[in-house]
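Report on one structure; see the data block that follows.
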Amino acid sequence: MIDLAALRKDPATFRKAWGDRGASVDVDALLAQDTQVRELKTRTESLKAELNAASKAIGPLAKAGGAALDEAKAKARALGDQAKALDAEREAAEKALSDALLYLPNPCLAEVPVGKDAADNRVAAVWGDEPQFAFKPKAHWDLAPALGIMDFERGAKLAGSGFVTLRGAGARLSRALVSWFLDCHLANGYTEWAVPYLVTPQIMQGTGQLPKFGDQLYRCKDDDLLLVPTAEVPVTNLHAGEILDGATLPLKYCAHTPCFRREAGAAGVGTRGMTRVHQFDKVEMVWFTTAERSRADLETMRGHAEALLKGLGLRHRVLQLCTGDTGFSSACTFDLEVWSPGTGTWLEVSSCSSFTDFQSRRAAIRARGADGKPQLIHTLNGSGLALPRCLIAVLETWQQADGSVIVPPVLRPYLGGMERICK
RNA sequence: GGAAGCGUGGCAGAGUGGUCUAAUGCACCGGUUUUGAAAACCGGCGUGCCCUAACGGGUACCGUGAGUUCGAAUCUCACCGCUUCCGCCA
């Protein structure tokens with residue numbers, strides 16, 4: 001959520017920022033709504049002040065009774081009715097305004113390149129040369145089933161298309177990646193959390209998934225709970241409604257969770273094999289930091305994600321997303337894309353973003369600074385990393401002519417020393 | 001799933017219809033005293049929003065929501081959470 005007071009003060013900046021994002025926002029209507037709400041608030045509150053004074057005056061009269069008491073009560077009742085009516089009006093206006101605010105995206109940082117869509121994203125860095133093979137490298141959807149470590153048909157049998165099963169060394173390799181990722185984060189000072197995979201609608205609103213993107217979420221209707229699309233949701237909301245001790249910032253958390261996404265409308269686009277599925281595992285990094293250091297912290301966090309790809313020996317690149325491609329809640333995003341030799345494409349395995357105070361305002365996450373006053377903090381998060389596409393890249397990059405796959409050295413301790421996955 | 005009890009400020013804990021902007025204690029901050037510290041004493045000490053150039057004023061919040069009343073932490077109802085017991089169960 002944006003800062004309404006800031007919008008009031010400098011509407012031009014917001015107008016431009018939303019325009020750059022391709023969002024059409026009627027700023028004048030918002031400002032008019034805001035003025036109306038504040039006016040109603042002032043009137044309602046002064047009426048309530050009158051009512052409170054009138055009620056207070058009844059106390060001493062109550063014992064005596066008589067006409068004076070009845071008269072005072074009647075007067076207070078009339079005031080009360082008036083206040084109630086006005087308050088209802090105020091509440092409706094306030095709700096309309098706050099509902100509108102929930103649909104407005106976070107303005108991007110000034111440094112974010114202006115652009116329309118993914119085609120305008122800027123390649124910030126490329127790591128590693130394109131791996132060379134003495135044979136034609138296979139795509140994972142051929143390679144992995146042949147090794148008996150991935151089974152698409154059985155996944156579809158259980159839950160429909162978009163669900164995959166891993167078998168034997170495939171399942172174990174996936175678990176190894178998760179463990180190694182988490183251990184790397186712990187070494188970097190992160191605190192690991194295990195969190196619920198189902199959350200309430202209010203929690204989804206805190207990080208920005210609701211109300212606008214509900215069609216992408218799986219919902220348990222009987223219980224009014226939703227399956228998390230990313231650990232960002234439960235982990236960021238761990239501190240919802242809290243006032244943290246500023247001296248403890250930045251807090252660096254990580255968590256491994258499955259992620260559930262309906263991918264409504266994405267059918268057919270890059271969905272072959274395991275590249276886009278409804279359920280996948282991911283390790284997520286989440287930071288709670290200050291406005292002063294959030295931008296620098298984003299670099300640090302992105303470095304942590306990149307180090308994982310380097311450790312696995314996977315060619316990858318870093319994209320700075322343009323305004324038009326930056327996610328709703330984010331002010332600045334870097335995507336990490338890993339090279340898939342089997343398909344000759346880049347696959348997104350991480351998205352590292354600064355949400356500035358957009359999420360903390362929605363979720364009411366504050367910290368007490370040196371001056372003792374509570375202030376909204378900044379939240380960051382980044383994948384570190386998403387499993388399926390890492391698995392794809394590992395298999396395709398480390399595949400051998402005979403169809404076997406060399407296990408990257410860093411993962412071997414997690415696989416009982418296994419050096420090669422064979423049929 | 002059933003029953004009972006309980007949800008008050010950072011913590012502990014009073015308050016059961018009117019001066020509650022919530023007693024008291026602890027913690028915390030400032031000051032006095034002290035060579036320094038402790039102790040003692042004095043003062044301060046929640047959050048959001050609205051009005052104001054500012055000083056300041058107002059309003060809301062005692063798990064959440066609704067209700068009764070001129071007036072609710074206090075009464076009523078629903079919901080949520082915690083604790084204990086029972087049932088079921090990885």
Side-chain angles (χ1 to χ4, degrees), chain A residues 1-9 30-102 194-206 210 220-226 234 237-249 251 258 357-377:
Chain A
M1 200 155 57
I2 59 126
D3 179 4
L4 196 50
L7 174 71
R8 206 180 289 146
K9 209 166 151 190
L30 273 179
L31 290 172
Q33 228 173 334
D34 170 50
T35 305
Q36 188 209 4
V37 165
R38 283 184 297 138
E39 199 183 303
L40 280 169
K41 209 171 241 177
T42 306
R43 280 168 57 203
T44 304
E45 285 181 2
S46 70
L47 250 182
K48 280 186 181 170
E50 256 187 89
L51 170 63
N52 287 344
S55 292
K56 215 169 200 174
I58 289 176
L61 292 175
K63 280 214 173 87
L69 176 63
D70 292 339
E71 194 184 318
K73 276 195 182 183
K75 187 186 155 206
R77 190 178 295 126
L79 269 172
D81 290 344
Q82 217 180 326
K84 210 170 181 177
L86 199 59
D87 201 38
E89 201 181 327
R90 173 206 57 86
E91 200 180 349
E94 214 168 345
K95 184 169 187 314
L97 178 58
S98 62
D99 284 354
L101 286 176
L102 288 174
V195 293
Y197 307 152
L198 285 164
V199 298
T200 63
Q202 178 172 356
I203 292 304
M204 286 291 184
Q205 183 173 296
L210 286 181
C220 300
K221 288 202 170 69
D222 288 345
D223 301 287
D224 205 17
L225 291 170
L226 302 108
N237 280 288
L238 283 170
H239 293 304
E242 296 184 10
I243 301 175
L244 304 165
D245 175 0
T248 64
L249 300 181
L251 295 172
D357 60 10
F358 188 82
Q359 292 183 325
S360 61
R361 185 172 289 106
R362 284 177 166 241
I365 308 171
R366 292 170 293 170
R368 212 176 285 282
D371 63 351
K373 293 272 170 241
Q375 270 205 313
L376 291 171
I377 54 106

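Protein chains get the first letters and strands the later ones, always in sequence-line order, with residue 1 at the start of each.
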- Message: Within the 4.0 Å heavy-atom criterion, would you say K48(A) contacts the bases, only the backbone, or no part of the nucleic acid?
- Response: sugar-phosphate
For this session: Indicate, with a heavy-atom threshold strictly under 4.0 Å, whether L51(A) touches base, sugar-phosphate, or nothing.
Result: sugar-phosphate
Report yes if a side-chain nitrogen or oxygen of [X] is closer than 4.0 Å to either non-bridging phosphate oxygen (OP1 or OP2) of [N]; otherwise report no.
X       : N      : result
R368(A) : U47(B) : yes
R38(A)  : C51(B) : yes
N52(A)  : G71(B) : no

To the side chain of [X], which of [options] is closest?
X       : options                : answer
S55(A)  : G18(B), U47(B), G58(B) : G18(B)
I58(A)  : U47(B), C49(B), G18(B) : G18(B)
A49(A)  : C51(B), U19(B), G58(B) : G58(B)
K56(A)  : C51(B), U19(B), U47(B) : U19(B)
R366(A) : C70(B), U68(B), U47(B) : U47(B)

Here the distance between atom P of C70(B) and atom CD of E71(A), to the nearest Å, is 16 Å
D34(A) CG to C49(B) P, in whole Å, measures 13 Å
Rounded to whole angstrom, note down the [atom1] distance from [N] over to [M].
N      : M      : atom1 : value
A22(B) : A14(B) : C1'   : 9 Å
A12(B) : U19(B) : P     : 27 Å
A23(B) : U8(B)  : C1'   : 12 Å
C55(B) : G71(B) : C1'   : 32 Å
U32(B) : U24(B) : P     : 25 Å
U76(B) : C88(B) : C1'   : 34 Å

task: Check whether any side-chain N or O of S360(A) sits under 3.5 Å from a backbone N or O of I377(A) as a donor-acceptor pair, and report yes or no.
output: yes
Practice problem: Identify whether the distance between the nearest side-chain nitrogen and carboxylate oxygen of D81(A) and R77(A) falls below 4.0 Å. | Solution: no
Taking NZ, NE, NH1 and NH2 as the nitrogens, is one of them in R90(A) or D87(A) under 4.0 Å from a carboxylate oxygen of the other? yes
